[in-house]
Peer 1: 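Mind having a look at this structure? Questions to follow.
Sequence lines set the chain letters: A, B, ... in the order given, protein chains first and strands last, and positions in each chain run from 1. These numbers come from the heavy atoms of this one structure, side chains and all, not from hydrogens, waters or symmetry mates.
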There are 2 protein chains.
Amino acid sequence: MLENITLQINEHVYLKDPVTSELGISIVGKSIDLLYELGFEDFTFKKLAVAVGSTEASIYRYFENKHKLLSYLTMWYWAWLEYRIAMGVINIESPTIRLKKCIQILTERVEEDGVFSQINEVKLNHIVIHESSKVYLNKQVDEDNQCGFFSSYKNIVKRVSDVVLEINKDFQYPHMLISTVIEGANHQRFFAKHLPRLTDVVEGKDTVVSFFQELVEKTIKH
Amino acid sequence: MLENITLQINEHVYLKDPVTSELGISIVGKSIDLLYELGFEDFTFKKLAVAVGSTEASIYRYFENKHKLLSYLTMWYWAWLEYRIAMGVINIESPTIRLKKCIQILTERVEEDGVFSQINEVKLNHIVIHESSKVYLNKQVDEDNQCGFFSSYKNIVKRVSDVVLEINKDFQYPHMLISTVIEGANHQRFFAKHLPRLTDVVEGKDTVVSFFQELVEKTIKH
DNA sequence: CGAAAACGATAGTATTACTATTATATTTGC
DNA sequence: GCAAATATAATAGTAATACTATCGTTTTCG
């Protein structure tokens with residue numbers, strides 16, 4: 001369903017919009033497979049070129065470098081999250097339930113979505129967990145920010161912060177709280193897999209969602 | 001004062017212990033200056049060699065690569081934090097006040113310390129904020145973990161978690177809470193400088209400490 | 001004082017991250 | 001339907017990076 005909807009991504013992140021050609025779509029699709037498999041450090045445009053059956057030079061016509069490509073994927077993920085949050089809270093009147101739903105969407109494990117056929121959301125979620133911090137933890141962050149690379153992220157934080165304020169208009173740190181939840185959920189998923197002593201994993205239960213829902217609920221109480 | 005105390009760092013992270021020679025100390029000291037200035041991506045052993053007035057080959061006799069060097073610095077920082085927490089809570093009887101103090105130490109801006117003369121703690125804190133995620137967000141993390149690279153980090157989380165449990169023995173997610181605070185504080189400091197819309201900055205007040213103290217206090221309440 | 005370790009100097013290699021050029025194929029606009 | 005523009009493939013090449021290797025000299029330490 002909804003096969004022909006696509007997410008609009010900031011045009012400064014690519015040189016040529018990848019969704020406008022077969023090759024571009026293939027570059028994005030294969031880059032997800034390769035980043036998932038190799039991690040950002042071992043991922044190169046040479047390997048990507050081989051994977052899509054093209055050449056390095058052709059990849060460079062779409063993306064300036066691998067950092068921009070990672071930014072593109074992360075921006076797509078945020079835009080997708082923004083869309084899912086907007087859909088997920090439609091018709092929910094109670095701000096408390098709406099907030100709970102937002103936190104759930106922000107922190108839950110991603111399942112195959114299938115709405116956007118060209119993108120594997122499960123692998124992309126894995127990439128976001130493992131690599132997305134690298135999108136902003138660098139020297140170009142201010143320039144990228146000026147180009148609007150983080151607008152979807154900011155929109156999400158703003159949107160959910162507003163629900164927090166609906167519940168408690170005096171709460172002083174709504175943006176800190178929500179950005180902490182978003183980053184925190186990704187980190188906890190990483191820790192659960194690689195550094196379990198830094199977390200609290202329980203068999204058969206998604207503690208990440210419960211933890212952050214409880215944390216938010218209690219923190220914003222009067 | 002206490003000029004001759006040094007922090008013991010896991011010996012698998014270096015090839016030759018840098019504190020055992022002038023050159024080694026100089027490598028560590030200058031690497032902090034350079035990482036602070038250039039960021040991890042633009043930092044190279046060639047540049048470091050020039051800065052210490054030595055050669056690339058000599059640097060490689062101390063550290064296998066720049067990732068291990070960053071790990072060394074981060075491990076030093078965690079060991080230092082562990083030490084400061086241990087000192088900071090001595091003689092505090094009340095677990096509530098002890099916890100508050102722990103959160104303060106974990107989240108406050110770092111001031112010049114001067115106890116460890118060879119290391120600039122302010123610059124190191126900046127490096128930890130900007131680069132330390134890269135220490136574990138990579139493919140070697142499991143191997144590094146097996147070597148014990150994260151033991152100080154785990155100790156801190158365990159130590160503060162125990163205080164949480166002293167206050168509320170039924171709280172289910174003490175480790176998640178504390179690791180979220182540690183990572184979260186670093187991220188919020190980064191956001192405050194580069195992506196302020198993701199945070200809540202107030203003139204003349206350190207909102208990061210207040211926010212996390214309030215968050216922890218409320219979250220662990222019955 | 002002799003052996004071992006540390007260091008500096010130099011050289012060299014494979015890979016990466018690009019840039020440039022040209023020939024061919026495809027699309028588009030008139 | 002054809003010229004012009006555009007997209008791609010193929011190839012080549014460069015500068016920087018991340019190392020590894022060798023060797024002679026100095027320093028240290030037992």
Peer 1: So, B:Lys123 and B:Asp33, do they make that salt bridge, N to O below 4.0 Å?
Peer 2: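 Salt bridge flag = yes for B:Asp33 with B:Lys123.
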Peer 1: Please determine whether salt bridge (charged side-chain N to carboxylate O under 4.0 Å, His left out) holds for the pair A:Glu56 and A:Lys47, giving the CA-CA distance in whole Å, both sets of side-chain angles, and the decisive distance to 0.1 Å.
Peer 2: CA-CA 9 Å; A:Glu56 241 182 308; A:Lys47 290 172 186 170; over 6 Å; no
Peer 1: State whether A:Tyr62 places a side-chain N or O below 4.0 Å from either non-bridging phosphate oxygen (OP1 or OP2) of D:dA7.
Peer 2: no
Peer 1: Write down the distance between CD (B:Glu41) and C1' (D:dA18), rounded to a whole number of angstrom.
Peer 2: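 After rounding, the reported distance stands at 15 Å.
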Peer 1: Quickly work out the B:Glu56 CD to C:dC7 P distance and round it to whole Å.
Peer 2: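 Whole-Å distance recorded here is 16 Å.
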Peer 1: Could you tell me the separation between the OH atom of B:Tyr60 and the C1' atom of C:dG8, rounded to a whole number of Å?
Peer 2: 17 Å
Peer 1: Determine whether the aromatic ring centres of residues B:Phe63 and B:Tyr14 are separated by less than 6.0 angstrom.
Peer 2: no
Peer 1: Would you say a side-chain N or O of B:Ser54 is under 4.0 Å from OP1 or OP2 of C:dA6?
Peer 2: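 No, no such contact exists.
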Peer 1: Does B:Lys139 come within less than 4.0 Å of B:Asp144, counting only side-chain N to carboxylate O?
Peer 2: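 Salt bridge: no.
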Peer 1: Between C:dC18 and A:Thr44, is there an OP1 or OP2 to side-chain N/O distance shorter than 4.0 Å?
Peer 2: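 Negative; the distance criterion is not met.
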Peer 1: Which whole-number value in Å describes the distance from B:Glu64 CD to D:dA18 P?
Peer 2: 14 Å
Peer 1: For A:Ala57 and B:Glu22, take the nucleotide of DNA chain C holding the closest heavy atom to each; which residue's nucleotide lies nearer the 5' end?
Peer 2: B:Glu22
Peer 1: Checking A:Lys66 against A:Phe40: charged group under 6.0 Å from the ring centre and within 45 degrees of the axis?
Peer 2: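 Cation-pi check for A:Lys66 and A:Phe40: passes.
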Peer 1: Just call it for A:Lys66: base, sugar-phosphate, or nothing, with non-hydrogen atoms closer than 4.0 Å on any strand.
Peer 2: sugar-phosphate
Peer 1: What is the separation between atom CD1 on A:Ile25 and atom C1' on D:dA7, rounded to the nearest whole Å?
Peer 2: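 Interatomic distance, CD1 of A:Ile25 to C1' of D:dA7: 15 Å.
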Peer 1: Specify the residue among A:Phe43 and A:Arg61 whose closest nucleotide of DNA chain C lies further upstream toward the 5′ end.
Peer 2: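 It is A:Phe43 whose nearest nucleotide is closer to the 5' end.
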Peer 1: When all nucleic acid strands are considered with a 4.0 Å heavy-atom cut-off, which category describes A:Lys16: base, sugar-phosphate, or nothing?
Peer 2: sugar-phosphate
Peer 1: In whole angstroms, how far is the P atom of D:dT17 from the CG atom of B:Asp42?
Peer 2: 8 Å
Peer 1: Take the protein atom CG of B:Asn65 and the nucleotide atom P of D:dC19, then report the distance between them rounded to whole Å.
Peer 2: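 For the pair B:Asn65 CG and D:dC19 P, the rounded distance is 5 Å.
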Peer 1: Check whether any side-chain N or O of B:Ser58 sits under 4.0 Å from OP1 or OP2 of C:dG8, and answer yes or no.
Peer 2: yes
Peer 1: Quick one: A:Lys47 NZ to C:dC18 C1', roughly how many Å, whole number?
Peer 2: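 After rounding, the gap between these two atoms is 16 Å.
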Peer 1: For A:Phe63, which contact category applies under a 4.0 Å heavy-atom criterion: base, sugar-phosphate, or nothing?
Peer 2: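 If one applies the 4.0 Å heavy-atom cut-off, A:Phe63 turns out to touch nothing in the nucleic acid.
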